[in-house]
Structures are given as structure tokens and as C-alpha cells.
Student: 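Dropping the structure in here first, questions after.
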Amino acid sequence: MGWEQKKLSEELGISSKEAKAIIINYFASFPTVKSFLEGIQERVKIDGYVETILKRRRIFDYESANGMQKAGFLRESVNTVFQGSAADLIKLSMNEIDRVIHKEKLEAFMLLQIHDELIFEIKEADAEALSRRFASIMEKVLVLDVPLECSVSIGKSWGELK
Amino acid sequence: MKTITIIDTFGFFFRSYFALPPLRNSEGFPTGLLTGFANLVDSLHREHRTDYLVFALDTKGKTFRNDIYPEYKANRDPAPEDLVKQLPIAIEWIEQMGFANLSREGYEADDVITTVTKFAKAQGLKVRIISHDKDLYQMIEDGKVEMYDWVKGGIVNEQSCIDKFAVHPRDFINFQAILGDSSDNVPGVKGIGKVGASKLINIYHTLEAIYEDIENCGTPRIQKLLLESKELAFMSRDLVTMRTDVFADMDVESFVFEDKNYLSCLLDEFEQYEMKQALRRAKVGMEGLDCEREYVPSVKAISKSTLSFEAITLDSKEKLASIISTLHKDTLVAFDTETTGLDTKVAQMVGFSFCLDKTKAYYVPIGHHYLGVEAQVSLEDALKAIKVLMHCQVIGQNLKFDFSLLVNQYGLTPPLPYGDTMILAWLSNPSRKVGLDTLAQQYFKYKMKPFKEMVKKGDDFSTVAITDATFYAGEDAWMTFMLYGAIKKHMDLSSLSHLLKEAKEVEYPFMQVLLRMERLGIKIDPSKLITLQKTLSEDLLVLTQEIYTLSGREFNIKSPKQLGEVLFGHLGLKGGKKTKTGYSTNESVLQTLTDAHEVIPKILEYRSFQKILSTYVEPLLKLSKVDKDSRIYTHFGQTGTATGRLSSRDPNLQNIPVRSALGRSVREAFIAKEGYVLVSIDYSQIELRLLAHFSQDEALLDAFNQHIDIHLATSTILFGEEDAQAKRSFAKSINFGLLYGMGAKKAL
């Protein structure tokens with residue numbers, strides 16, 4: 001927890017003590033989150049890997065790691081579950097949107113992916129409708145126990161977006 | 001008194017499987033259970049001496065207990081894949097070492113154990129049962145029969161049974177009859193738990209006694225429960241009572257455990273599975289080998305790869321046709337191209353190679369250019385052949401490159417890859433390198449011919465002699481073919497078969513999506529970049545002068561060495577950290593000094609302007625100039641990260657700063673083509689939603705399902721209603737920070 005404490009105090013410009021109090025309070029308020037995050041780290045020790053939502057694995061050689069590496073593994077294991085699963089979701093979305101664009105020969109092109117964000121080039125007249133449609137594909141790409149939500153932004157340049 | 005040890009085999013395997021780390025050999029085959037097994041045999045020699053040894057096994061299929069109660073053991077989860085893989089091997093090893101391996105159809109291992117125990121006791125042997133299964137507690141009898149929990153390392157005797165369940169082993173079956181067992185689906189008496197059952201049993205000892213005196217038996221509620229489940233109670237007792245008649249007779253002498261090194265029978269196997277410790281133990285006392293089989297160290301362990309293939313040049317239309325005509329749609333073809341460069345927008349194909357089996361590979365020269373170049377195949381004939389190839393089951397290493405070349409330069413429409421070794425290797429272990437050379441070394445200890453040895457600096461592949469090119473290119477196709485089989489096998493062995501499916505359903509289609517995106521590029525407005533370049537350059541000039549004035553010295557600001565000397569030497573600022581090359585002047589060092597001297601903020605500003613100029617403005621401008629539509633094209637890396645995130649390079653378009661004004665001005669140069677607009681669609685708080693989904697935390701689930709501002713909700717929970725709004729940013733920081741590393745500045 002020391003590491004989070006340091007980062008949080010730096011980011012919020014508060015004392016390390018205050019940061020610690022916030023973190024303790026957070027985990028006390030969200031005990032399920034705490035045990036879940038600890039569970040991920042336990043799995044790394046036992047299984048030597050974690051899995052994303054599509055069951056992609058990241059392997060950690062926990063047995064032969066030194067202390068510092070072990071601490072890094074625990075952090076990366078949590079990171080991988082979330083970042084990796086998010087990567088899975090957007091990958092599935094991109095496959096599906098690409099399929100729709102080609103099947104229906106839409107005047108829309110998928111140009112870039114910036115992690116959780118997709119950039120399209122869409123015929124001006126169709127932009128509103130198609131972006132809503134693509135957003136809806138993204139929101140339904142997998143059914144989770146919470147809704148997925150997307151924000152849409154339209155502009156002439158990338159700088160105008162959002 | 002002699003001792004007989006009876007092993008509850010599957011119980012032991014399960015237990016040691018879960019207790020040991022998930023060991024694997026270099027091929028990825030799990031070896032944890034096998035290691036545990038070798039440890040057991042070894043310790044029977046050293047710590048847990050025994051005179052006789054028996055392994056008791058379950059058989060597949062139904063037992064007599066299913067005739068009593070069809071639902072018996074009906075809700076068992078399937079065993080982990082890794083465990084199932086090792087089981088048959090371990091069982092074979094029992095036989096290889098010459099141990100008795102007892103089982104009988106229709107009975108469980110527990111019945112075998114009980115029967116063996118009966119005979120052993122009759123012959124005056126002390127019985128030690130290696131098991132932690134409470135179903136066997138009924139046999140415990142101090143001085144005669146004890147159990148041993150291998151993983152916890154403790155003897156289980158009458159007292160331990162009483163400590164744990166408050167009943168004596170001799171009353172155990174009647175106790176279980178009431179208690180039931182949810183893991184085996186033994187019903188028992190519904191509503192009576194451990195405490196209630198032990199109380200009853202310690203008064204009455206048997207079911208019969210209980211039901212004879214039912215009107216005095218505990219509270220009215222207990223009586224009612226007992227009466228309701230009377231039949232089930234008796235049936236449950238039948239289920240938990242072990243049988244002693246699995247075998248009519250038994251010769252204990254056939255179970256003798258001799259004083260020899262049984263592990264030496266498994267030398268080859270330990271080597272095969274790379275079980276070093278077991279191998280060492282197996283070699284103890286090798287002079288007089290205790291096993292009939294002769295041990296010859298396997299070649300694999302010492303020598304390097306002896307793999308080889310035949311490289312064949314197909315340098316005429318006819319030769320090419322003679323091979324291509326043998327292909328059909330089910331043929332597995334490893335395919336690779338050789339080109340004049342790595343940018344498929346401009347590179348030309350010099351030749352292509354393919355491989356259909358493990359013994360040879362073909363190379364088709366097309367565009368070699370050197371004095372006295374030998375016969376080659378025309379581009380037209382080559383493309384015709386490639387079109388046929390593309391209808392086969394095409395595999396490759398990084399097919400995105402080859403396919404991108406075929407689309408960009410020759411207008412072909414490549415199929416979905418049948419397999420890509422780079423992607424499979426990455427799925428197998430996303431933290432490792434996935435280049436062909438590395439994989440060849442890793443899977444076959446084979447050293448590939450380095451590209452550098454083939455092509456002189458400044459030249460391209462077209463200058464390579466066709467005979468050399470045939471070996472080099474053929475080797476690539478051949479190794480890809482070999483690796484495809486090896487990696488697939490590795491994935492099967494390491495319980496990763498589900499990722500073969502993921503590759504097919506997600507990664508290969510995704511490769512095509514990325515290929516299209518890379519071809520599309522994104523339009524740049526060069527005039528905006530030129531303006532930005534101009535203002536930044538002017539600003540930098542002004543800053544330079546200011547820095548000179550403030551520090552009282554002219555120096556190269558871009559040189560960390562000179563800067564360090566000026567700041568910590570000349571100006572005498574404190575807090576300088578000496579490194580090998582001088583003082584450290586990285587950003588975090590300078591950040592801590594912002595108030596120490598007024599030159600510091602100027603230097604930070606200088607650095608940020610310089611960075612935007614040299615990392616984004618100038619390279620993007622240069623790239624946009626070479627394209628007729630002013631579009632720039634990034635390269636996406638599908639296998640570039642261990643988490644699975646996509647990467648982008650040449651240029652990297654994923655890391656243009658989002659929040660700074662300068663970053664925004666760079667982004668303003670990215671525009672839509674005429675008549676089009678740019679659209680961004682962004683997942684909001686996706687990681688937090690995943691956290692809610694995975695953790696099932698009620699508060700998080702509720703907040704998202706009710707579309708409440710998650711950070712405010714967190715803030716309310718953390719700081720109370722009144723302070724919630726004011727401290728929302730704290731909550732936001734912690735929400736993001738704790739989940740995926742505080743490094744995720746993007747979110748803040």
C-alpha cells in the first residue's frame with residue numbers, strides 16, 4: 001500500500017498521512033473491492049498468471065522473482081486484469097464495427113484507436129446517426145453486470161473533439 | 001511391528017496439485033503433480049519408512065453407491081485441466097516403479113483402502129493411510145490404523161477426530177449419516193448440523209438407538225427433523241460405510257517396499273519433464289541401478305538443435321507450377337515474403353517463400369537485382385501462384401506485414417490468416433519476445449541466419465544472391481511451419497487451447513481490421529503544423545535568451561550535462577544528484593526545484609516546447625509531405641504489450657498529450673477529408689465498470705446501474721454528504737489510482 005500512498009499524496013498535493021487515511025477509508029468502505037483486488041494478487045502467487053475477460057493470460061514467474069519484482073508483479077497483475085479486459089472489449093467492438101461498415105458499405109472509416117477511444121472519419125451527413133450506432137455497438141459488445149457507456153464527440157479536427 | 005502404507009491416490013494427487021506451485025517444463029507442460037508424486041516416493045524412503053506400499057485408485061464410471069443413491073457425488077466440479085493431464089502419467093509411473101495399483105470397477109478407492117486395511121490388520125500390520133479424507137475416519141484405531149495428512153504433515157488419530165468432530169471414529173458413520181456431506185451429495189438429516197449431530201451420536205451411538213428412543217431425542221424440532229429424514233439417514237449411512245469385501249483375498253507380500261531407489265526407474269521421464277530435483281534424487285546410488293531398464297542420457301539435453309531442411313529454388317514458371325498444382329484448400333502453407341523494405345507503402349517484393357512440410361521449403365525469386373542475376377519468375381506468374389496459395393490454409397509469422405504488402409502493392413485481397421505464429425506465441429506468453437529468431441531458439445534451440453549477415457548495410461534484399469536468399473527465406477517459411485505445430489502443441493499442453501479459439505475468433509479478424517486502418521491513415525493539415533512549427537521555434541528562441549540571462553551564462557540547453565553543471569555548479573542549486581554522466585536533470589528533479597531559481601520554470605517550458613516540436617510537429621510534417629493526400633499512416637502492434645493493449649509506432653499516435661494546450665494544438669492538425677468529419681467515441685470509465693462487474697461490489701454496481709456520477713458517489717461514501725462535492729477529485733484519484741496504477745495520468 002506504500003506505493004499507492006506515495007502516488008496519491010503527490011497527485012493530490014496532500015500529506016502522506018492524509019493519503020494513507022483516504023486509502024484505509026476507501027478499503028473500509030469498499031470491502032468487496034479490497035478482497036477482490038487481494039484475490040487477484042493471491043491468484044498470481046498460486047497460479048502464476050492472471051486472466052482478462054477473454055481469458056487471455058499474462059504469466060508472472062512469481063516463484064523465481066526477487067522481492068522488488070514480486071511487488072511489481074502484484075501491481076501489474078491488477079493492472080492487467082483491468083487494462084487487458086478493456087483492451088479485449090474495444091477489440092471486439094472494432095471487429096464488429098468493421099464488419100458492419102463493410103457489410104453495409106457505410107461512408108465511415110475507422111482510423112485510430114487510442115486505448116479506450118476510437119477515431120472515425122464519417123461522411124458529414126451521416127455522422128450523427130452512424131456515431132450513435134457505433135457507440136451502441138460498443139455499449140453492447142459484451143453484457144456486463146453494469147452498463148457500458150460511451151461518449152461521442154464530432155468535429156472538423158481531432159483538436160475539436162471532446 | 002511392520003507397517004503398511006496405503007495411498008489414497010487421487011486424493012493425494014489433488015492435494016499435492018493444489019499445494020504446490022504451478023510448475024511447468026520448458027514446453028509448458030504442467031509438472032506440479034508429478035513433482036509432488038516424486039517427493040512422496042522419495043520421502044517414503046527417507047522419512048516415512050514403510051514395509052509395504054499400496055496405491056488405491058478409483059475407477060471411472062458409476063459405483064455401487066450410485067445404485068443406492070443416483071445423485072451421489074453428482075455436483076462435483078470438473079478437475080482442472082492441468083491436473084487431468086498429469087494424472088495418467090503419474091498412474092503409469094506407479095506401475096513403472098512396480099508398485100501395487102489396486103482398484104476395482106464399481107468401487108471407490110476408499111473401499112479398496114478399507115479392504116486392504118482389514119487384511120493387513122488381520123496379519124498384524126500397522127496401517128498408515130495417506131489421505132485427508134474424513135470418509136476414512138471410520139477406520140482410525142489407535143495403535144493399529146492411523147491416517148496421515150501429507151500436505152499439512154500431521155498424523156490423524158482418535159484424538160484428532162474427536163477434536164475436529166467431537167465424535168469417536170467408531171461412531172463416525174452414524175455421525176456422517178445424520179450430518180450428510182454436500183460435496184459428495186450425501187443428504188443426511190436436513191437441518192441438523194455438526195454440533196447437533198455429535199450431541200445425538202455421543203448419547204445414542206447408532207441410528208437404530210436414536211429412532212428407538214425418538215420421543216426422548218432432543219427438542220421437538222430435532223425429533224421432527226429426524227423423523228422427516230429417517231429413510232435418508234439410513235441410506236446416507238449405507239453411502240458412507242466403507243466396504244471391506246472388494247477383494248476376497250490378498251497376499252500382502254506382493255506389496256513389499258524394498259530398500260532401493262525406486263525413482264531410478266523414471267530417469268528418462270524426469271528428464272523429459274525437466275524435473276531437476278527428482279532427477280538428482282533418482283541418480284542417487286546409480287552404480288547399482290535398481291531398475292531393470294538401462295538409463296541412457298537423452299541427446300536432447302546436451303546437444304544443440306540438429307534440425308535441418310532442404311531449401312529449393314523455384315526459378316521458372318514450370319517449376320513453380322509443379323509445386324503449386326499439388327495444393328488444395330486443406331493444405332497447410334507457411335508463407336513469407338522478402339521485400340526491399342519494411343514500409344509496405346513503398347516496398348517491393350523481391351521474392352516469396354513457402355513451406356508445406358517439415359523437410360523442405362521453396363523460394364521463388366522475382367525481383368533480385370545484381371550483375372549476372374540468374375533466372376527468376378515473372379511478377380505476373382508469381383502473383384498467380386500467390387493467389388492459389390491464398391486459398392490454402394495460410395500460416396505465417398506476422399502475416400499483417402505480408403498481407404499489407406500484397407494489398408498495397410499488388411491489389412490482392414488476402415484471406416483471414418489460418419494461423420499466425422507471432423500471435424499464438426504472444427497469447428501463450430505476452431511478456432516474452434515473439435520474433436522468429438527468438439521463437440526458433442526458444443522452441444527448438446535453433447539459430448536462425450541473421451538478416452544482417454545477408455544484406456550489407458545500405459543495401460536491400462534485392463542484392464542478395466538467389467542461392468543465399470533461398471536458404472534465408474526458405475528458413476523463415478520452414479521455421480514458421482515448425483513453430484506453428486510446436487506452439488499449438490505447447491498451448492494444448494499448458495491448458496491454453498481456449499486461446500487458439502480466441503486467436504481464430506478475435507485476433508485474426510482484428511489483424512484484418514488493423515491492416516485496413518493502417519492503409520487508411522489520417523489526414524493532416526500541413527499549414528497548421530507549419531504555423532505551430534514557426535511559433536514554437538520563435539518561442540524557443542525567446543526562452544533561450546531568457547535562460548541565458550537568468551543563468552548568466554550561454555550554454556547548450558539541450559545537453560543535460562551542460563545544464564547540470566550550470567544549475568548545480570555555476571548557480572550552486574541544492575538537490576543535484578550525481579550520476580555517472582554528470583548531474584541528473586530529469587523532469588522530476590527539475591520539478592522539485594521550481595521555486596529554487598526562476599530559471600527552472602523557463603527550462604521546464606523550454607523542454608516541453610522542444611519535445612512537442614521534435615517528437616510531433618516536425619516528424620508529422622515530414623510524413624504528411626510525402627503522401628499525395630497529406631495522410632499519415634501509423635503501424636499498429638497487435639502483440640506489443642503484455643496487457644493486450646494495442647501499440648502504435650512510426651509515428652506513435654497514441655501518446656499525443658491530451659490535456660496540455662500544446663498537445664491540443666498538435667491534434668488540431670489532424671483533420672477530416674472534404675465532406676467528412678472526425679468522430680471520437682470513447683468508453684467512459686471502462687476500468688471502473690469492469691471493477692464493479694468483477695468484484696460485484698454492491699455500492700459500485702448500484703452507482704453504475706443507476707447512472708450516478710461514480711466519483712461523486714465514491715466521495716459521498718468516503719467523506720460524507722457535505723464534503724462530497726468538494727472532495728470529488730480525491731475520490732476520482734483514488735478510484736483510478738488504486739485500480740490500475742497511479743501512472744494512469746490520462747484519467748486525472
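Labels below follow one simple rule: chain letters A, B, ... track the order of the sequence lines, proteins then strands, and each chain is numbered from 1.
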Student: Identify whether the distance between the nearest side-chain nitrogen and carboxylate oxygen of E502(B) and R57(A) falls below 4.0 Å.
Tutor: no

Student: If you count heavy-atom pairs under 4.5 Å with chain A, which of E668(B), R519(B), H693(B) comes out on top?
Tutor: H693(B)

Student: Can you find a pair of side-chain heavy atoms, one from L691(B) and one from L37(A), that are under 4.5 Å apart?
Tutor: yes

Student: How about K673(B) and F109(A): do any of their side-chain heavy atoms sit closer than 4.5 Å?
Tutor: yes

Student: Could you look at L89(A) and say if it's the side chain, the backbone, both or neither that has a heavy atom under 4.5 Å from chain B?
Tutor: both

Student: Tell me which of these, N25(A), T80(A), I122(A), has more heavy-atom pairs under 4.5 Å with chain B than the rest.
Tutor: I122(A)

Student: Are any non-hydrogen side-chain atoms of E160(A) and F670(B) less than 4.5 angstrom apart?
Tutor: no

Student: Where does I90(A) contact chain B at under 4.5 Å (heavy atoms): side chain, backbone, both or neither?
Tutor: both

Student: Does some side-chain heavy atom of R689(B) sit less than 4.5 Å from a side-chain heavy atom of P147(A)?
Tutor: yes

Student: Are V513(B) and M110(A) packed together at the side-chain level, in the sense that at least one heavy-atom pair is separated by less than 4.5 angstrom?
Tutor: yes

Student: For chain A, which candidate among I681(B), T634(B), I671(B) shows the most heavy-atom pairs at distances under 4.5 Å?
Tutor: I681(B)

Student: Pick one of side chain, backbone, both or neither for S494(B), based on which atoms fall under 4.5 Å of a heavy atom in chain A.
Tutor: backbone

Student: Do the non-hydrogen side-chain atoms of L690(B) and I53(A) ever get within less than 4.5 Å of each other?
Tutor: yes

Student: Count the heavy-atom pairs under 4.5 Å between each of G644(B), A699(B), S680(B), S695(B) and chain A, then report the option with the highest count.
Tutor: S680(B)

Student: Are side-chain N/O atoms of S684(B) and E149(A) paired as donor and acceptor at under 3.5 Å?
Tutor: no

Student: Heavy-atom distance under 4.5 Å to chain A: side chain of R24(B), backbone, both or neither?
Tutor: side chain

Student: Answer with side chain, backbone, both or neither: which region of S665(B) has an atom nearer than 4.5 Å to a non-hydrogen atom of chain A?
Tutor: neither

Student: Counting only heavy atoms closer than 4.5 Å, note whether E51(A) contacts chain B via side chain, backbone, both or neither.
Tutor: side chain

Student: Hey, are the side chains of F636(B) and L112(A) touching, using non-hydrogen atoms and a 4.5 Å cut-off?
Tutor: yes

Student: Using a 4.5 angstrom heavy-atom cutoff, name the option from L496(B), D82(B), D702(B), V666(B) with the most pairs to chain A.
Tutor: L496(B)

Student: Would you call the rings of F694(B) and F36(A) parallel, tilted or perpendicular, taking 30° and 60° as the class edges?
Tutor: parallel

Student: Tell me which one of T714(B), D697(B), I717(B) satisfies side-chain contact (heavy atoms from CB on, under 4.5 Å) with S29(A).
Tutor: I717(B)

Student: Give, as side chain, backbone, both or neither, the part of S93(A) having an atom under 4.5 angstrom from any heavy atom of chain B.
Tutor: side chain

Student: Using a distance-only test with no angle check, is there a side-chain donor-acceptor pair under 3.5 angstrom linking E139(A) and Y683(B)?
Tutor: no

Student: Name the region of R516(B), side chain, backbone, both or neither, that has any atom closer than 4.5 Å to a heavy atom of chain A.
Tutor: side chain

Student: Heavy-atom cut-off 4.5 Å, strictly under: side chain, backbone, both or neither for I46(A) against chain B?
Tutor: backbone

Student: Quick check on L499(B) against chain A: is it the side chain, the backbone, both or neither that has a heavy atom closer than 4.5 Å?
Tutor: side chain

Student: Is E507(B) salt-bridged to K91(A), cutoff N-O under 4.0 Å?
Tutor: yes

Student: So which part of E107(A) gets closer than 4.5 Å to some heavy atom of chain B, the side chain, the backbone, both or neither?
Tutor: both

Student: Chain A: which of L427(B), L718(B), L520(B) shares the most heavy-atom pairs with it under 4.5 Å?
Tutor: L718(B)

Student: Which region of S431(B), side chain (C-beta onward) or backbone (N, CA, C, O), has a non-hydrogen atom less than 4.5 Å from a non-hydrogen atom of chain A, or is it both or neither?
Tutor: side chain

Student: Any side-chain heavy atom of K156(A) sitting closer than 4.5 Å to one from L678(B)?
Tutor: no

Student: Let me know if V50(A) has heavy atoms under 4.5 Å from chain B in its side chain, its backbone, both or neither.
Tutor: neither

